[in-house]
S.K.: 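Shown below is the structure under consideration.
Within every chain, numbering begins at 1; the chains are lettered A, B, ... in the order of the sequence lines, protein sequences first and strands thereafter.
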Amino acid sequence: MDEDSATSEEASKPQDGRPAMAGHFEPASYHTLRDEHGRTIVALTGYWTLRGIDGRADALVSSLGRLGRGNDKVVWDCREVQGLDNVGALILWRLRGFARGNMIEVRPEHAALCERWSQRQAPPEEARAPGMRPLAALSSLERGLRSHMVDFTALVGQIVLDGGLLLRRPDRIPWKDISASIYEAGVRALGITALVGALVGIVMSYLSSLELRTFGAPSYIVNVLGLSIMRELGPLLAAILVAGRSGSAIAAEFGVMRLTEELDALSAMGVSWTTRLVLPNIVALAVVLPLLVIWTDAIALLGGMLAAHITLGIGILEFIHAIPSAVPVINLLLGIMKGSVFGVVIALIACHFGLRIEPNTQSLGVETTNAVVTGISAVIFVDAVFAIGFRGIGLP
Amino acid sequence: MNSDRIIEMENVSTRFGQHIVHEDISLTVARGEILGLVGGSGSGKTTLVREMIGLDQPTAGHVSLFGQRLDRIGMEALAELRNRCGVLFQGGALFSAFTVFENIAFPLQENRTIERALIRDLVYMKLAQVGLGPEVASRLPAELSGGMIKRAALARALALEPELLFLDEPTSGLDPVAAQAFVHHIQNLHDELKFTAVVITHDLDLMHDLCTALAILADRHIVALGAPTEVAMSTHPFVRAMFSGERGQRVFGAMAS
């Protein structure tokens, strides 16, 4: 034991309620002697406590166990034991198992602890989880998938019902919640979408300008940038960023509200939480994501323009004038529409996973991650569907 | 430095911004004592206990644990002191991702001085000590009732054989029968393990049955300190309101009247 801990022990007193001799904390130890009848007496001394044993439990059990086994006539003398706790008593109990029938002398105040151990029943065997068989894994996958489908369908159905109710009772529409969600998911995302959009615009412009220069068609940079940003990159970038930002926020918020029974509290007050919590998020993202798409498009094009101006010498005004003729306006509209659909998809998925969070910390992390990963994957999947469905529209 | 004084608080004051919580509080807890810390909500009972464990620092004054000034010892020594304390948090604070078994085994494993087989035996013993069956071991905290959570949390607090136990409202949220059983359990454990304890409570029965001393916290000061029967006689308005109410009369009635 090092100096520090030695002094700390000096200042205190072990836990058996007896005053310790000042500065004395004896670790658990023992010595053997022989009495006149030829019996071996093992006298235990010191503190047979967690701190007194201090990691030597194994060594003590095995060395004392050897004594007990080798010689039938062993007397365990525990009268000099200064302190005893459950750990010490457990070790003694194990010894008694080795040296059954031999005498153990114990201080009366320690007897209760020893007694407790000797009466205790063996703990049940550790249940081992059976290994997953391939077929069982498949079936559990199927069950998981099915429960997701059922929950998701129920959520969508509930929202449709709520929407119908709100159409009949427009005074119940939660404008405040919608507005708060718009601010949270949209206004506060302006900075990050602008930064990412500008960087992607610059990189795209720079890379394509190298190619276009070798073909001798630098003015086509307008077509390349305009089409790719407005039709694909702008909506996708905005949606992926929002899925990461708002998807995780919505899922975690729902999860915690479920853990703290806030959802139940709302239901108990007769307030539909799908109307007050799920619906505002869906409406807000459906409204705000198209706006973010326009914003991201604009900033990305601005970044692209600047890069084109530097690398190809195309003037800013020249670039702006060329856009309408180079890119059919339907591409911009398609991008905005995609943004709205992405918003609904992201909000639905985030709410769905948020509501699946179970009351433990691990589940909170897992489902929040799932909400983001599934949200982003779904956005890309929906984008692919759009790309196929609208392949004949707006392209040169 | 008296080794019989487990906790010493000297002239402790606590302030959160403009709000003064404690002013000039001095308090000692002797070995083997069970001190009940009583006070209205917001009177800073939990803060006082957090300062005793060194989770919070008082604005002025100092706290000694096992004779060592908390503000003068390093992180390592503080961690070692905390190893000798067990804390039962109000909500249990069981790790929700762990089973009950893993929760109780956790401090033992972190201690790194006990081998696995011993830990298993110890965990099941702790469960039995707080009156839980072995079938509870594999459950998650979310699957337990309020009383079981308290018991499991007590088992975890007792895992490292603490010399000093902090109990934050151990009986709140329990039905009277469960509360009484819980107090009874703590009493038995105290007889057996002889720990020192600080109990935050509003439970008059608990104060009467379990505590060997009471400290009443009101108006930023400790307004009464002593054996429960003495404290019940105090003339301070808060103490009077607490002990001369109908329930107070029932529990402490014989001596207060």
S.K.: How many angstroms lie between CG in A:L259 and OG in B:S96, if you round to the nearest 0.5 Å?
M.R.: 8.0 Å
S.K.: CG/B:L108 to CG/A:L50 distance, rounded to the nearest 0.5 angstrom?
M.R.: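 Going from the CG atom of B:L108 to the CG atom of A:L50 covers 7.0 Å.
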S.K.: Roughly how far, to the nearest 0.5 Å, is the CZ atom of B:F95 from the CD atom of A:Q362?
M.R.: 13.5 Å
S.K.: If you look at every heavy atom in B:E161 and A:V87, which pair is closest and at what distance?
M.R.: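 Of all heavy-atom pairs spanning B:E161 and A:V87, the closest is OE2-N, 4.0 Å.
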S.K.: Within residues 141-149 of chain A, which positions have a heavy-atom distance to chain B below 4.5 Å?
M.R.: none
S.K.: How long is the gap from CG on A:D85 to CZ on B:F195, to the nearest 0.5 Å?
M.R.: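 Spacing of CG (A:D85) from CZ (B:F195) equals 13.0 Å.
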S.K.: Has A:Q158 got more than 12 heavy atoms of other residues, nucleotides or ligands less than 6.0 Å from its CD?
M.R.: yes
S.K.: Counting only heavy atoms from other residues, nucleotides and ligands, does the tally under 6.0 Å from CZ of A:R276 exceed 12?
M.R.: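 No, CZ of A:R276 has 12 or fewer neighbouring heavy atoms, counting only those of other groups under 6.0 Å.
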S.K.: When rounded to the nearest 0.5 angstrom, what is the spacing between OG1 in A:T49 and CD in B:E163?
M.R.: 8.0 Å
